[in-house]
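Atoms considered below: every heavy atom in the structure, side chains included; atoms not considered: hydrogens, waters and symmetry mates.
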Amino acid sequence: MTSVLQLSELARSFLSLWSLLPLLVGLFSAVRAVTQKRLRYAAFALLPVVCSYGLWQVLFDLHLFANTANANAISRRLGAVPIGFWLLFLAVLTVAALFNLAAVIRYEKRSITPNAVKICLDQIPCGVCCFNNDGIVLFANVCMNRLSMALTHAQLPDGWQLYGAAGSVQTVNGRVWRFTGREMMLDKERLHEIIASDVTAEYAKTQALSKDKEELSRLAEELKAYTLGIDETVRRQEILQAKVNIHDEMNRLMLSTVAAEKTDGRAEDRIFSLWQQNALLLCMQADKTADPKAVIDVEKLAKALHIRLVWQSDLPDALNDEQRSLFFAAAQEAIANAAKHAGAKQMAIGFEQTGQHVVCRFTNDGKRPTGEVRFAGGLYNLALLAKKQGATVSIAHEPAFTLSLRFKISRAADA
């Protein structure tokens with residue numbers, strides 16, 4: 001049978017080219033196996049590579065030294081082997097190399113490999129970066145590389161540098177990114193992970209929600225002020241209507257008195273009775289804004305809540321009607337809070353006039369609050385009413401719980 005030495009140069013060149021095929025395929029399979037962390041399979045894939053390289057080296061020697069005595073002895077012995085064995089061996093090596101390549105590709109498609117993880121993370125819309133305590137970046141996807149270029153103007157030189165530049169929320173190229181970090185242990189090594197999420201839509205909705213919340217708060221404040229003003233408007237409307245009724249009644253009585261006959265005693269008595277009723281109505285109307293009735297209401301509320309009131313002085317004359325009305329509203333609120341929150345049994349009401357101000361103080365003997373007292377409910381409404389009149393409401397804890405209402409009096413009232 002014809003040996004390799006007896007083949008033409010063209011035939012041996014074809015065998016050399018064939019021997020390179022399993023060599024290249026084997027090298028590719030071995031490298032892919034290493035990237036898949038399959039070191040044993042990579043070593044197995046190198047066997048066809050070694051054999052193919054040996055055959056290629058023999059053919060190269062035969063090509064150079066076939067007709068001289070300088071050819072390698074091993075090359076001459078293998079060259080004397082019949083061509084059939086060479087073809088069979090090359091075919092086996094080719095099949096083995098292709099089998100290894102198919103196994104590598106099949107494993108990559110069916111298993112989770114580092115390369116598959118890298119491809120997957122490069123396709124997600126968020127940025128991922130992992131580095132160790134020394135700042136050496138172990139992994140970063142394409143998105144994080146772009147963000148690093150925008151923030152640090154470098155291609156992830158150091159993990160800690162990116163961590164310092166990222167912060168919590170950053171705007172990059174018109175998009176809002178939120179950066180979060182965490183620590184983890186992997187193979188007894190502490191690693192640091194940074195995740196960048198695109199929150200542009202959520203950030204825009206949050207901003208719109210904040211604006212809507214501010215607008216709703218403003219509308220709520222206006223609604224509260226409007227609600228508080230309704231009672232005062234209704235009261236003034238009732239007073240105005242009562243005055244109109246009294247005015248009409250006075251006109252009717254005056255006309256009736258003029259038209260009455262002097263000799264008719266019954267008519268005179270009836271007209272006199274109407275004058276008496278009208279005078280009584282005027283007195284009742286005047287009592288609506290008088291202090292004694294308001295004082296009685298405050299005393300009744302204190303008695304119902306089992307609180308004894310101690311008036312340290314009389315209500316100053318410098319206060320006008322609106323200020324007196326606010327004072328009695330504050331008194332009722334102070335009594336209610338003293339009974340509800342402090343369990344008080346006595347409340348002292350005192351006044352102090354200094355210059356252009358009158359200070360009304362409501363001091364109870366109940367337990368004092370331990371934390372900060374916030375104006376809510378009745379106290380909040382009282383503060384709004386006081387603000388409309390230019391007055392202020394304050395609270396003191398020492399030596400006893402005291403609610404103070406400070407009025408600014410006009411010069412005319414003071415005079």
Side-chain angles (χ1 to χ4, degrees), residues 217 220-236 238-239 287-353 357-409:
S217 299
E221 294 293 335
E222 293 180 358
L223 182 60
K224 285 182 180 180
Y226 176 75
T227 304
L228 292 174
I230 287 178
D231 294 336
E232 181 67 19
T233 303
V234 171
R235 185 180 72 84
R236 293 189 179 187
E238 290 177 349
I239 294 174
D287 286 341
K288 288 184 179 180
T289 57
D291 293 341
K293 185 178 183 301
V295 172
I296 292 174
D297 292 339
V298 172
E299 292 283 356
K300 285 182 179 180
L301 177 61
K303 185 176 180 181
L305 297 178
H306 307 288
I307 293 179
R308 186 172 70 90
L309 291 183
V310 178
W311 295 83
Q312 297 177 344
S313 60
D314 296 332
L315 191 64
D317 297 333
L319 299 180
N320 56 32
D321 292 341
E322 291 185 352
Q323 291 173 337
R324 288 170 183 264
S325 177
L326 181 60
F327 162 76
F328 286 113
Q332 293 181 2
E333 182 65 27
I335 292 171
N337 288 338
K340 179 180 179 180
H341 302 292
K345 300 299 182 183
Q346 178 176 307
M347 174 173 288
I349 303 177
F351 307 94
E352 180 183 356
Q353 183 171 353
H357 295 87
V358 172
V359 182
C360 309
R361 294 187 176 91
F362 306 91
T363 305
N364 66 71
D365 62 348
K367 60 181 180 181
R368 291 172 292 177
T370 56
E372 179 184 0
V373 178
R374 296 184 177 180
F375 282 22
L379 280 179
Y380 181 79
N381 295 333
L382 180 64
L384 284 180
L385 290 174
K387 185 178 181 181
K388 287 185 176 182
Q389 297 187 16
T392 58
V393 180
S394 61
I395 288 175
H397 295 181
E398 299 292 344
F401 185 82
T402 302
L403 174 67
S404 300
L405 183 61
R406 184 184 181 90
F407 292 103
K408 183 176 181 181
I409 57 177

*Asks:* From I307 CD1 over to L301 CG, what is the distance, rounded to the nearest 0.5 angstrom?
*Replies:* 8.0 Å
*Asks:* Taking all atoms of both residues into account, what is the closest heavy-atom pair of P399 and R368, and its distance?
*Replies:* O-NH1, 3.3 Å
*Asks:* Drop me the distance from L319's CG to S325's OG, to the nearest 0.5 angstrom.
*Replies:* 11.5 Å
*Asks:* As a quick check of understanding, evaluate side chain to side chain contact (heavy atoms under 4.5 Å, CB included) for I395 and L379, giving each step before the final call.
*Replies:* CA-CA 10 Å; I395 288 175; L379 280 179; 4.1 Å; yes
*Asks:* Once you round to the nearest 0.5 Å, how far does OG1 of T363 lie from CG of L403?
*Replies:* 9.0 Å
*Asks:* Taking distance alone, no hydrogens or angles, what donor-acceptor pairs closer than 3.5 Å link side-chain atoms of residues 334-347 to residues at least two apart or in another chain?
*Replies:*
unit_1: N337; atom_1: ND2; unit_2: E333; atom_2: O; d: 3.4
unit_1: N337; atom_1: ND2; unit_2: E333; atom_2: OE2; d: 3.1
unit_1: Q346; atom_1: OE1; unit_2: R308; atom_2: NH2; d: 2.5

*Asks:* Considering non-hydrogen atoms only, spot the tightest contact between A330 and L405 and give its length.
*Replies:* CB-CD2, 3.8 Å
*Asks:* Determine, stepwise, if the pair L326 / Q323 fulfils side chain to side chain contact (heavy atoms under 4.5 Å, CB included).
*Replies:* CA-CA 5 Å; L326 181 60; Q323 291 173 337; 5.6 Å; no
*Asks:* Output the distance between atom CD1 (I349) and atom OG (S313), rounded to the nearest 0.5 Å.
*Replies:* 10.0 Å
*Asks:* Check step by step if side chain to side chain contact (heavy atoms under 4.5 Å, CB included) holds for I409 and Q353.
*Replies:* CA-CA 10 Å; I409 57 177; Q353 183 171 353; 3.5 Å; yes
*Asks:* With sequence neighbours excluded, what pairs up with F407 under the ring-ring contact (aromatic ring centres under 6.0 Å, His included) test?
*Replies:* none
*Asks:* Taking all non-hydrogen atoms of both residues, which atom of A329 and which atom of L382 are closest, and how far apart?
*Replies:* C-CD1, 4.5 Å
*Asks:* Evaluate the side-chain proximity of F327 to V298: yes if any heavy-atom separation is below 4.5 Å, no if none is.
*Replies:* no
*Asks:* Where do K300 and I296 land on the side chain to side chain contact (heavy atoms under 4.5 Å, CB included) test, with the steps shown first?
*Replies:* CA-CA 6 Å; K300 285 182 179 180; I296 292 174; 3.7 Å; yes
*Asks:* Do side-chain atoms of Q389 reach the backbone of E322 as a donor and acceptor pair under 3.5 angstrom?
*Replies:* yes
*Asks:* Write down the atom of A302, the atom of L309, and the distance for their closest heavy-atom approach.
*Replies:* CB-CG, 3.6 Å
*Asks:* Would a distance-only check, ignoring hydrogens and angles, find a side-chain to backbone donor-acceptor pair under 3.5 Å from R361 to A348?
*Replies:* no
